[in-house]
Each structure stands twice: as structure tokens, then as C-alpha cells.
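Quick notes on the structure that follows.
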Amino acid sequence: MALLAGLAAEQGRVAPPDKAAENAPLGPIERVCRAACEIGMVAMGGVVLVEIVTRNLLGFSFQVSDEIGGYIIVGLTFLSLPVCQARRAYHHVMFLQARLPPRARAALNLLFDLLSLGFCAILVWELSVQVVETYQSGDIAPTQLATPLWIPQVVMPVGALALGVALLRDTWRSVRRLFTPT
Amino acid sequence: MILAAQLLGSFGLFLVLLAGGMAVPFAIAVPGIFYLLLQGGLASLQAIGLVTWGSMNNFTLTAIPLFILMAELMQHSGLSFRIYRGLARVVSRLPGGLLQTNIVGCALFAAISGSSVATAASIGGVALPQLLQRRYNPRLSAGSLAAGGTLGILFPPSIALIIYGSFTETSVAKLFMAGVIPGLMLTALFMAYIGVRSIITRRGAEAEEPEPGGILLALADIVPFALLISGTMGSIYAGVATPTEAAAGGCFFSLLLCLFWGDLTWATFMAALHRTVQIVGNLMFIIYAAYIYAYAIGMAGVGESVTSWLVGLDLTHLQFFSALFVMYTVLGCLVESIGMIVITVPLLFPVLSKYGIDPIWFGIILVMFVELGQISPPIGINLFVIQSIWDGELGDVVLGTIPFHLLMFVLLALLVLFPDLALWLPRHMN
């Protein structure tokens, strides 16, 4: 019984390991992106459930769940980018950085921020070009919905751009940390 | 020769960025872009848009957020506590007491969550304070939880296997089923070790006293989860549902479970959604970055060169496996787990057919290597998860996992000697 009482006392302690990072404040762009991801996730579950019910109980299929699921996963991938950046949710290997003096660590972080920004700028440009080309060529999905493909594609540069904003903020922070006397 | 040097250079850059502390997805993507620029200049970047759309608009990947949401709902509603409590009433009567509950709890939660970190954090958060308060061996307690957590990616649903399936176009349903028997065997090996060790040492891990009516109370805690797991996995095995459909159904029923058995409120529901977005965002960005890297090495023709080089070596199965063993053991100490899959699989997968290796069997072997990496210092993520809950020494967690490491090697050897351990169940699927 002592075991069970102890377990009950511990019930409230179950917490994700990165609780501190999880509570970091989000800006308006990240909040909108996160809300879009969450709505997308619930919608994806709903669409797949409707497909299960109609196919197994009513004997027909809308045949849209694969298509919509694919679009939503693209949206989730790109719109979650600024959220994860702002919350520092990406995995980092810290064993080397932890052994560096603060100024060297700040310089290294600035270098990484700049490299990430460069990658992000390439993404924004190339993904925007992709959307414009799709729009101009009038590509549509070869499905019942015949979705104009530029519509689901547009979240890709939007998400990359939002990541760029979050990265710019982090880069500015790294610059200040590097040039602030310790 | 030039290709090999370029490949080694880009892989070296990846390792340097990773070790320096760059976020994992950027550390994969940046060398990929450098490699593209090296190959074809700015013009080579023009295909990024098409590669992005072609790779990420992928229905197989839709199972990932739904399985993660299912686990997060359970965790935020306190249902991992009920799993542990229910199992503690039954399993802690075995020699090893609550340490046995750790392993079975991890195995059960693994069948819901698909993630090692979620499994280790959920069960570890409930179990560790109890184990330490009741003077269980701290090293063994922490080690059993870190190692038990790795079951999360061997038992279906496994996020690692979904990712492997999406990169190799292997049936995720068959991969899931292939993980069942090795998962059960690893659970049995862990439990046997704990039992034998506690009988031999007779210290700090005695069986717990049974309580009256314990079995009925335990059933009340465990049966709903057993139904959820059997419904989700049974529907895949029977061929009634795809993994994504099973994940959506599982999400819906776990929502009901959390409402009626757990503490689900609007706030906990939103917290689970917030957390899911972060976990999914992290995973999907790693996958996306790996597609860019894979495109870069594919464009350079490195894949073909590596394949012909490896085939030219004319290795036996055992030699090929030994080479993999050395490579993944080293990589496991350097590269984060999902990164390890997405970086190596595009290079190695074409070689498998030349050597007559079953891709489903290889998927399970790969997951075993990833599991080992998750408890290998210095970057084994489960070590840090358990240490963060425990606030003890990381060295003790590492030492505690060593016997479990060795048991994983035993299972690896068994899988190599008897591939049917992984392949029998998928062969009998509908």
C-alpha cells in the first residue's frame, strides 16, 4: 500500500524533460503557425477517421484522405519550423560546447546561426520559385479534388520565411551575447 | 576517388557541425547544400523546390504525428501512472520487484508511444522516485529505465520504423509486425537478467508483497490499454487498417481513455497538442534535411559508387553484418538516433538487394543499432532523459545500462543467426 500511496504522490511529477524550454514565450508569428499545425493535426485525424468509417461501415470511400494527409504533413513540417526554433526544440549535442569558455561558445553559436540563416534564405528563395512556377504552369493534382498544387505548396515558403524571422531574432541575440562584456 | 573524398568531406562537415552543437537538422542540411554547390554550383539548387514537394508530400509520414499525439495525450493525462500502478500490482511480485515493473511498463507504453524518449520519460517519471525511496540499486534502477525506454522504437508503433519505411518504400505494417517478436524477446531478456541478478545478489531488489485483491485492481488499470494496443496493432496485422488509419483510430480511442480513465482537461489536451507540434516539427525537419542530403549524394552519383564498392568487396552476410556493427556502434556514439537512420539508409539500402538481405529484417537490425545508440555515451538521449528526472550522476546511468547493452548484443546475434525471429510474423500477415 505504501508503494501505491507513493505512486499517487508522484503522479503530478510526470513532466517532459525539457520543461524549461517548453515554457519559453512565443511571438505572434510562432503562435499562429502553431495553431495552424494543431488544427491541421486534428483535421488529419478527422479525415482519416471519416475514411475508416465510410469505407468499413458504409462501403464507400471519399478517396481524399491520402491526398489531404499528404498536404497536411507538408504544412506541419514547414509551419512547425519557427515554433521549434523559438522553443529550441531541435536536438543539439552539447558535450563540446559545454567545455568551451562563454565567449567561444557565443562565437560558435553566432556562426551556426549565420549558417542556418543562409540555408533558410536558400529555402525561402527556391520554395517561392517552386510555388510561382506551379502557379504559372497551372499544375493540378491528378485526383478527384483536382487541387491546384500551388495552394498546398504555398505553406512551404511561408514556413521557411517564418523560420527565417525566428533565426534572425536568435542571430541578433547571439551577436549581443558575443559583444556584451561578461 | 574524388567522389569518396567529397562524401567523406561532407560527412566530416556534418560530424563537425553536430559535435560543435549545431541543431541536428541544420547540421544535416547545411552539408547537403554545400555538397550540392560543390557538385553543380548555384544551378544545382534549383531542384530543391521539387525535391521538397516530392519527398515531404508523403502519406506514409502522416502516421507519425498521430502516434505521437496518442502518446502525448496519455502522458499529459497521467495515464502512464495508471499503467505503472496496474503493472506494479502484478509484476513486482517477481524477483527484482519494481525493476521488473519498469521493464514491463516500458514495453506496454512502447506499444502506445512509438518513441523511446516518451517511453523513458513517462515510465521513468513515475518509477524513479519510488525506486530510490525504496532503496533499490540506483544504477540498476536508472539503467533499467534508460534501456527499457529503448523498447519504444522496437515495439510497434515505432517512429523509427515509419521513417525507415518512408525512405525505403518498405511496408510499414510489415515492419511493425517484424518488431513484435524481437521486442518481446528483449523484454524477456531484460526481465530474466533483473530476476537472476536480484536472486544472486539478494540486495535492494526483492519481490514486493502482494496486496489483497491486487489482481482485480491491476486489471482495471491495465485492460483499457491492452484493448487499445490490441485494437491498434490487431487492425494492422489483420490488414483492416493502414498504419495511419490505426494511428487515427488509436488517437480517437486514447482520447476517450484519457477522458474516462485519466485527467484530461482542455488545458492538458492543448498541452499535449503543443508538445506534439514540437516533437513532430523536430522529427519532420530532420527527415526533410536528410532528403536534401540524400538528393545531394544521389545527384553526385555517390550512391551508385558506394553500392558498387560494397558489392565489389564480395562480403559474406556475416562480414557485412560485422561491418555494419562496427559502423553503427561508432555512429551511435556520435550521431543522434533518427539522424543515424536518415543519413545512412539512402546509402546502404541499394546494397541490400545485391547481398540478398531482406529489407524488413534490416529495418529491425537498424532499429536495434539505434536503440544501442540511445543508451551509448556521450549523446545517448535516454541517458539524459533519465538523468534529468533523477538528478543523479550521468555516469551511474551509463554504468547501469551496460548489462542491458550486452543483452541487446545477444538479441542482435540471435536476429543474425535466426532472421525468422523478425520475418515470421510479417509473413503471416493479411
Interatomic spacing from CE in B/Met56 to CD1 in A/Ile73 - rounded to 0.5 Å: 7.0 Å
Nearest heavy atoms of A/Gly70 and B/Phe59, plus distance in Å: N-CD1, 4.5 Å
Proximal component of A/Ile39, with respect to chain B [non-hydrogen, under 4.5 Å]: neither
Derivation of the side chain to side chain contact (heavy atoms under 4.5 Å, CB included) call for B/Thr62 and A/Ile72: CA-CA 8 Å; B/Thr62 54; A/Ile72 292 177; over 6 Å; no
Flag if over 12 foreign heavy atoms under 6.0 Å of CZ, B/Phe34: no
Nearest heavy atoms of A/Tyr90 and B/Gly281, plus distance in Å: CE2-O, 4.2 Å
Max heavy-atom pair count under 4.5 Å with chain B, selected residue of A/Asp66, A/Val48, A/Asn109, A/Val74: A/Asp66
Option that, when pairs with chain A are counted at under 4.5 Å, heavy atom only, ranks first among B/Thr242, B/Leu17, B/Thr60, B/Leu69: B/Leu17
Side chain, backbone, both or neither of A/Arg55 within contact of chain B (heavy atoms, under 4.5 Å): side chain
Heavy-atom closest pair, residues A/Glu38 and B/Val277: CG-CG2, 3.6 Å
Distance in Å, A/Phe119 CZ paired with B/Phe26 CZ, rounded so as to fall on 0.5 Å steps: 7.0 Å
Among the listed options A/Gln85, A/Gln153, A/Met44, the residue most often paired with chain B at heavy-atom distances under 4.5 Å: A/Gln153
Engaged part of A/Leu163 at the chain B interface, taking heavy atoms whose separation is under 4.5 Å: side chain
Verdict with supporting geometry, B/Val24 and A/His92, side chain to side chain contact (heavy atoms under 4.5 Å, CB included): CA-CA 6 Å; B/Val24 172; A/His92 295 74; over 6 Å; no
Distance-minimising heavy-atom pair for B/Ala248 and A/Gly45: CB-O, 4.0 Å
Structural part of B/Ile33 lying under 4.5 Å from a heavy atom of chain A: side chain
Minimum heavy-atom distance between B/Leu66 and A/Met41, given as atom pair plus value: CD2-O, 4.2 Å
Atom group of A/Met156 that falls short of 4.5 Å from chain B, counting heavy atoms: side chain
Contact origin within A/Pro157 toward chain B - heavy atom pairs under 4.5 Å: neither
Heavy-atom pair count under 4.5 Å with chain A, highest-scoring of B/Thr52, B/Leu45, B/Val240: B/Leu45
Sorted by number, residues from residues 123-142 of chain A in contact with chain B (heavy atoms, under 4.5 Å): A/Leu123, A/Glu126, A/Leu127, A/Gln130
A/Thr77 side chain near B/Ile287 side chain, heavy-atom distance below 4.5 Å: no
A/Leu108, part contacting chain B, at a heavy-atom distance under 4.5 Å: side chain
Spatial distance of atom CG (A/Asn56) from atom OG (B/Ser235) [nearest 0.5 Å]: 9.5 Å
A/Ser80 OG to B/Leu283 CG distance, which is reported to the nearest 0.5 Å: 10.0 Å
Region of A/Tyr71 in contact with chain B, defined by heavy-atom distances below 4.5 Å: both
Chain A contact via B/Asn57 - which portion, at a heavy-atom distance below 4.5 Å: both
Pick from B/Met270, B/Gln46, B/Met22 with the largest number of heavy-atom pairs that fall under 4.5 Å of chain A: B/Met22
Criterion side chain to side chain contact (heavy atoms under 4.5 Å, CB included) on A/Glu51 and B/Glu245, from CA distance to verdict: CA-CA 8 Å; A/Glu51 171 70 22; B/Glu245 289 171 348; 4.0 Å; yes
Atom CG of A/Leu58: over 12 foreign heavy atoms under 6.0 Å: yes
Main-chain N/O of B/Gly20 paired with A/Gln97 side-chain donor or acceptor, under 3.5 Å: yes
Trace of the side chain to side chain contact (heavy atoms under 4.5 Å, CB included) decision for B/Met284 with A/Leu76: CA-CA 8 Å; B/Met284 297 307 294; A/Leu76 257 175; 5.6 Å; no
